[in-house]
Protein chains: 2
Amino acid sequence: MASAKRDHLIDTALRLFGRDGYHAVGIDRVIAEAGVARMTLYNHFKSKDELILAVLHRRDERFRNSFMRQVERAAPDPKGRILATFDALDTWFASDDFTGCMFINAAAEYSDKNDPIHRTAREHKDLVVDYLRDLASKAGAADPDGLAAGLALLTEGAIVLAHVAGHKDAARKAKKAAEVLIRDAGL
Amino acid sequence: MASAKRDHLIDTALRLFGRDGYHAVGIDRVIAEAGVARMTLYNHFKSKDELILAVLHRRDERFRNSFMRQVERAAPDPKGRILATFDALDTWFASDDFTGCMFINAAAEYSDKNDPIHRTAREHKDLVVDYLRDLASKAGAADPDGLAAGLALLTEGAIVLAHVAGHKDAARKAKKAAEVLIRDAGL
DNA sequence: GACAATATAGACTGATCTGTCTATTTTTAT
DNA sequence: ATAAAAATAGACAGATCAGTCTATATTGTC
């Protein structure tokens with residue numbers, strides 16, 4: 001299953017889909033940029049949709065191994081980690097190749113809720129909420145579900161305003177609002 | 001400029017682009033669904049991109065004449081109107097044809113910040129923030145900019161979680177968080 | 001070195017894409 | 001009624017789309 005070519009194809013497709021979208025990027029461009037033969041792609045993936053799914057899974061995996069780890073490195077305590085979440089967002093938004101969230105963008109292009117691509121996007125967002133709920137719970141919030149919901153709203157809102165509206169300070173604004181919610185939760 | 005055919009084309013395209021996305025919907029499908037000749041479309045719009053821009057402008061206009069008016073009808077005072085914003089969101093999310101925000105989705109497919117389509121999406125989001133800032137200011141918030149930013153984050157976050165994650169209660173959760181921010185702003 | 005697995009280039013299908021052109025018909029306004 | 005404007009159907013161009021097939025070449029493994 002795992003192979004160097006397959007890996008390289010996923011990485012290339014991730015970059016292209018992330019920048020230009022899923023429908024706008026054709027198979028031809030993926031294989032050209034990857035420097036790989038057409039049949040190599042189709043030997044590793046049954047279809048373009050399968051490639052997109054592999055891309056989203058890799059993105060999700062990177063989120064866990066990069067974003068989450070960054071938060072965990074930044075602070076030892078749950079409350080500190082909640083706040084560090086918004087610092088990590090800020091870093092992400094500031095990167096040159098920031099083109100929004102691949103899952104939000106995927107759901108935009110595949111609006112059918114039963115489409116595996118949309119479903120994968122949903123699963124990722126549920127993971128984010130679960131992560132925040134876990135932190136809220138460990139931090140001893142009065143209502144962990146409520147706090148997690150508020151934090152998730154601020155997180156997703158920040159991604160949208162940073163990408164769509166170009167608000168460079170979206171993460172910092174979100175952090176300030178998060179501090180209010182955290183205080184309200186008794187922390 | 002204005003004509004019945006042109007109007008009908010914009011409405012049809014709005015429905016199709018809104019449901020299936022911008023790249024996924026071709027000119028052929030727009031004219032077929034609109035029951036209009038090919039050249040009729042190209043006589044009214046120079047290109048597909050021009051049609052998309054017309055669609056976004058109509059969507060923005062409908063937002064002002066529908067969403068904003070709904071909020072203004074719901075409450076006479078600024079604070080009440082801020083809260084009514086989230087009720088209006090809730091109604092929107094509950095509609096059968098809810099497929100997310102056309103501006104967020106447009107920015108997803110046209111990530112180049114200088115693309116007129118992306119720019120139009122940005123302008124719409126700025127309008128939303130301006131509207132919330134006006135309400136926050138009139139309500140007498142200590143820091144209208146800060147409150148407006150927080151409310152905008154909750155608004156956009158709710159749209160994303162309702163669409164991508166299918167969270168039916170996103171608007172109500174956002175309203176609860178908004179109440180906390182409003183209280184913190186001294187209202 | 002031999003064998004099997006993997007990758008290669010590129011032709012090919014059939015569909016779809018945006019946009020142009022023409023020749024004819026319908027609508028509108030005077 | 002007549003002239004001008006708008007809409008029509010449909011062919012056409014040239015590009016691109018996803019996906020299949022084949023025949024050759026390059027790998028990696030024992």
Side-chain angles (χ1 to χ4, degrees), chain A residues 1-57 102 105-106 108-112 115-118 120, chain B residues 1-57 102 105-106 108-112 115-118 120:
Chain A
M1 204 58 175
S3 92
K5 296 278 178 191
R6 186 186 147 96
D7 257 30
H8 182 55
L9 273 167
I10 294 176
D11 277 342
T12 305
L14 191 142
R15 178 166 48 84
L16 296 175
F17 289 149
R19 196 207 301 138
D20 295 336
Y22 300 92
H23 284 93
V25 173
I27 292 296
D28 285 323
R29 220 163 113 229
V30 174
I31 61 175
E33 294 248 357
V36 143
R38 193 170 196 72
M39 278 311 293
T40 303
L41 189 150
Y42 280 103
N43 279 331
H44 285 294
F45 308 97
K46 282 193 291 191
S47 64
K48 185 186 181 181
D49 278 13
E50 294 270 331
L51 173 61
I52 293 173
L53 287 174
V55 163
L56 292 178
H57 284 128
M102 290 197 72
N105 296 353
E109 295 199 47
Y110 301 87
S111 67
D112 180 359
D115 190 306
I117 294 172
H118 192 107
T120 301
Chain B
M1 204 61 176
S3 92
K5 296 278 178 192
R6 188 187 145 95
D7 257 30
H8 181 55
L9 273 166
I10 294 176
D11 276 342
T12 305
L14 190 143
R15 179 167 47 86
L16 295 176
F17 289 150
R19 195 207 304 140
D20 293 338
Y22 301 92
H23 284 94
V25 173
I27 292 297
D28 286 322
R29 217 162 116 226
V30 175
I31 60 174
E33 294 248 356
V36 143
R38 192 171 197 71
M39 279 310 293
T40 303
L41 188 151
Y42 280 103
N43 280 333
H44 284 295
F45 308 97
K46 282 193 293 191
S47 64
K48 184 185 180 181
D49 278 14
E50 294 270 331
L51 173 61
I52 293 173
L53 287 173
V55 163
L56 292 178
H57 285 128
M102 288 197 73
N105 296 353
E109 294 198 47
Y110 301 87
S111 67
D112 180 359
D115 189 305
I117 294 172
H118 192 109
T120 301

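Within every chain, numbering begins at 1; the chains are lettered A, B, ... in the order of the sequence lines, protein sequences first and strands thereafter.
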Are any of B:Lys46's side-chain N or O atoms less than 4.0 Å away from OP1 or OP2 of C:dT18? no
D:dA6 phosphate, OP1 or OP2: any side-chain N/O from B:Ser3 under 4.0 angstrom?
no
Tell me if a side-chain donor or acceptor on A:Asn43 pairs with a main-chain N or O of A:Met39 at a distance below 3.5 Å.
yes
| query | Given C:dT6, is OP1 or OP2 found less than 4.0 Å from the side-chain N or O atoms of A:Thr40? | reply | no
The answer to which of A:Met39 and A:Val25 contacts DNA chain D further toward the 5' end, by nearest nucleotide, is A:Val25
With heavy atoms under 4.0 Å as the rule, sort B:Asn43 into base, sugar-phosphate or nothing. nothing
Q.
Counting the benzene-type ring for Trp, do B:His23 and B:Tyr110 have ring centres under 6.0 Å apart?
A. yes
Where the side chain of B:Glu50 meets the backbone of B:Phe45, is there a donor-acceptor pair that is under 3.5 Å apart? no
Any B:Lys5 side-chain nitrogen or oxygen under 4.0 Å from OP1 or OP2 of D:dA7: no
So, does B:His23 get its side chain near the phosphate of D:dC17, meaning an N or O under 4.0 Å from OP1 or OP2?
no
Please answer whether the main-chain N or O of A:Tyr22 pairs with a side-chain N or O of A:Lys48 as donor and acceptor at a distance below 3.5 Å.
yes
Atom CG of A:Leu51 and atom P of D:dG19 are separated, to the nearest Å, by 10 Å
